[in-house]
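Please read the structure below before turning to the comments.
This one's a predicted model, so the numbers in the text were calculated from it and none came from an experiment. Throughout, a chain's letter reflects where its sequence line sits, starting with A, and its residues are numbered from 1.
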Protein chains: 2
Amino acid sequence: MGPAGSEVWHSMLDGTETVLREEGYGALTSRRVAEVIGVKQRLIYYYFENMEDLIVATFRRSAARDIERLQESLSRDLPLDEIWERCVDNADARMTAEFVALANRIDKLRTEVIAYTERTRQMLADAIDRNVVSSDRANGLPPVAAAFFATSAAIALHREAALGIGMGHAEVLACIRVFFSHGKPAQ
Amino acid sequence: MGPAGSEVWHSMLDGTETVLREEGYGALTSRRVAEVIGVKQRLIYYYFENMEDLIVATFRRSAARDIERLQESLSRDLPLDEIWERCVDNADARMTAEFVALANRIDKLRTEVIAYTERTRQMLADAIDRNVVSSDRANGLPPVAAAFFATSAAIALHREAALGIGMGHAEVLACIRVFFSHGKPAQ
DNA sequence: GTCTATACACCGATAGAC
DNA sequence: GTCTATCGGTGTATAGAC
């Protein structure tokens, strides 16, 4: 077994991300990852016991980075609209969708995806709760629902944009910006 | 080539839907579809030139049914909340997500998915426009954005439920019900 | 119309040289 | 650590009997 955390190890995770993002999980094979990063297929199995382990490791690294970045945004008490910008501009939305699809048949990955989803939803809901003025809450939109709508919209926006659909996107972005700009300015 | 519209032809589309819904597009193979409907794999290629044709035919039939059902709901001037119930209770939401994933790599399918998405969004937006009272529109939620939020939320609800995530779902459903129950009663 | 049988490509994973 | 070579399985798609 090759060393986890080494340069080659990281490049294998990079290759996995690239294939997932650009070609989807149907193209995610050990041969394809090896080709993308310029090594021989056999080497994948020196660093990982099997493909599932490689996939789980890739998601773990990606999720850890995401949560770290989100925490950093929140700790600096950024205005909500900036947090939203970081969510929707996240180029990994397509990749995340592929991970979710894979989670339906890889048990170890499902556990990770569930934990990541619930963790980030709670973080986003807490941030909304701390920052959104009460008039918005009077509209009957609890923070956790706002977090859900925002992330599900972000995912759908990316998915449709990838297909070439733009209908209603401008209106949706405008609505979310208005909602998130109702946050109190950083104390 | 076997006759399109025959009993066997329809059962092949049924099998494709079943596999997509229950196992995802990673499991969608000619062998699997044949097994599910109880015929030999060779027969698939008597009725369809290749797998892509089978997939496109399946989506076409499913989309046509969806639009017909939506039209029927709208023509009877059902209250909005009933239309929403039909959307979110639609057992095909999982299947639709798999079609979208497939559309990223099957050109003929992408065209169909785009047309279907834009058509149903317009229909839903029009229905909202006709039925939602003006106080809701004053909140800054254009009909097309409401249609987008509702469908993206419905998709995310199904996707997360399939993984075993339920966080915030009750709040989201309550919000949508409240919004849609603001519709005027059928004239 | 439906079948058996099969060609060929590519998959995950492993043996073993260097 | 990285390689060549290969096994068994499974995918799409086709040949040809009945």
Side-chain angles (χ1 to χ4, degrees), chain A residues 1-20 22-59 98-99 101-110, chain B residues 1-59 98-99 101-109:
Chain A
M1 282 292 283
S6 69
E7 196 173 337
V8 180
W9 184 90
H10 273 289
S11 88
M12 285 176 180
L13 273 59
D14 293 340
T16 302
E17 288 188 357
T18 302
V19 173
L20 274 185
E22 294 173 10
E23 305 171 51
Y25 82 81
L28 184 63
T29 68
S30 60
R31 289 175 211 272
R32 186 75 190 112
V33 171
E35 191 181 17
V36 164
I37 65 175
V39 300
K40 297 296 174 179
Q41 183 238 4
R42 178 67 179 84
L43 205 57
I44 304 282
Y45 288 90
Y46 177 72
Y47 282 85
F48 299 93
E49 280 197 3
N50 48 50
M51 279 302 287
E52 295 197 356
D53 281 6
L54 170 58
I55 294 166
V56 171
T58 304
F59 179 80
E98 299 292 331
F99 275 124
L102 283 164
N104 282 307
R105 54 183 185 82
I106 301 177
D107 286 343
K108 260 184 295 188
L109 183 59
R110 175 161 48 233
Chain B
M1 281 291 284
S6 68
E7 196 174 337
V8 180
W9 185 90
H10 274 289
S11 86
M12 285 175 182
L13 273 58
D14 293 340
T16 302
E17 289 188 356
T18 302
V19 172
L20 275 184
R21 191 167 19 234
E22 294 174 9
E23 305 170 52
Y25 82 82
L28 184 63
T29 68
S30 58
R31 289 180 210 269
R32 185 76 190 114
V33 172
E35 192 181 15
V36 164
I37 65 176
V39 300
K40 297 295 174 180
Q41 183 242 2
R42 177 65 178 88
L43 205 57
I44 304 282
Y45 288 90
Y46 177 71
Y47 281 85
F48 299 93
E49 282 197 2
N50 48 49
M51 279 302 287
E52 294 197 357
D53 281 4
L54 169 58
I55 293 167
V56 172
T58 305
F59 180 78
E98 299 292 332
F99 275 124
L102 282 164
N104 282 305
R105 53 182 184 81
I106 301 177
D107 285 344
K108 260 184 295 188
L109 184 60

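Residues A:Lys108 and A:Asp53 have side chains in contact (heavy-atom distance under 4.5 Å, counting atoms from C-beta outward). Side-chain contact between B:Leu13 and B:Leu54 is present, with heavy atoms from C-beta onward closer than 4.5 Å.
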Check nucleotides 9-13 of chain C for protein N or O atoms closer than 3.5 Å to its own N or O atoms and list the pairs.
{"unit_1": "C:dC11", "atom_1": "OP1", "unit_2": "A:Thr29", "atom_2": "OG1", "d": "3.4"}
{"unit_1": "C:dC11", "atom_1": "OP2", "unit_2": "A:Arg31", "atom_2": "NE", "d": "3.4"}
{"unit_1": "C:dC11", "atom_1": "N4", "unit_2": "A:Arg31", "atom_2": "NH2", "d": "3.3"}
{"unit_1": "C:dG12", "atom_1": "OP1", "unit_2": "A:Ser30", "atom_2": "N", "d": "3.4"}
{"unit_1": "C:dG12", "atom_1": "OP2", "unit_2": "A:Ser30", "atom_2": "N", "d": "3.0"}
{"unit_1": "C:dG12", "atom_1": "OP2", "unit_2": "A:Ser30", "atom_2": "OG", "d": "2.8"}
{"unit_1": "C:dG12", "atom_1": "N7", "unit_2": "A:Arg31", "atom_2": "NH2", "d": "3.2"}
{"unit_1": "C:dG12", "atom_1": "O6", "unit_2": "A:Arg31", "atom_2": "NH2", "d": "2.8"}
{"unit_1": "C:dA13", "atom_1": "OP2", "unit_2": "A:Tyr45", "atom_2": "OH", "d": "2.9"}
{"unit_1": "C:dA13", "atom_1": "OP2", "unit_2": "A:Met51", "atom_2": "N", "d": "3.0"}
{"unit_1": "C:dA13", "atom_1": "N7", "unit_2": "A:Gln41", "atom_2": "NE2", "d": "3.1"}
{"unit_1": "C:dA13", "atom_1": "N6", "unit_2": "A:Gln41", "atom_2": "OE1", "d": "2.9"}

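In this structure, OG1 on B:Thr16 lies 11.0 Å from CZ on B:Arg21, to the nearest 0.5 angstrom.
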Show every donor-acceptor pair shorter than 3.5 Å between a side-chain atom in residues 33-42 of chain A and any protein atom, with sequence neighbours excluded, or say none if there are none.
{"unit_1": "A:Glu35", "atom_1": "OE1", "unit_2": "A:Arg32", "atom_2": "NH1", "d": "2.8"}
{"unit_1": "A:Gln41", "atom_1": "NE2", "unit_2": "A:Ser30", "atom_2": "OG", "d": "3.1"}

Would you list the atom pairs, donor with acceptor, under 3.5 Å between side chains in residues 2-12 of chain B and any protein atom, with sequence neighbours excluded?
{"unit_1": "B:Ser6", "atom_1": "OG", "unit_2": "B:Pro3", "atom_2": "O", "d": "3.0"}
{"unit_1": "B:Ser6", "atom_1": "OG", "unit_2": "B:Trp9", "atom_2": "N", "d": "3.3"}
{"unit_1": "B:His10", "atom_1": "ND1", "unit_2": "B:Arg61", "atom_2": "NH1", "d": "2.9"}
{"unit_1": "B:Ser11", "atom_1": "OG", "unit_2": "B:Val8", "atom_2": "O", "d": "2.9"}

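Applying the side chain to side chain contact (heavy atoms under 4.5 Å, CB included) criterion to B:Glu52, with sequence neighbours excluded, gives B:Asn50, B:Ile106.
Residue A:Phe48 is classed as having no contact, given no heavy-atom separation below 4.0 Å to the nucleic acid.
Along DNA chain D, read 5' to 3', the first and last nucleotides having any atom under 4.0 Å from a heavy atom of chain A are D:dG1 to D:dT4.
In the region residues 9-17 of chain B, proximity to DNA chain C at under 4.0 angstrom, judged on heavy atoms, holds for none of the residues.
Between A:Glu98 and A:Tyr25, the shortest heavy-atom contact is OE1-N, 2.9 Å.
In summary, of the residues considered (B:Asn104, B:Thr58, B:Leu102), a side-chain contact (heavy atoms from CB on, under 4.5 Å) with B:Leu109 occurs for B:Leu102 alone.
Using bins of under 30°, 30° to 60° and over 60° for the plane-to-plane angle, the ring pair A:Phe59/A:Phe99 lands in the perpendicular bin.
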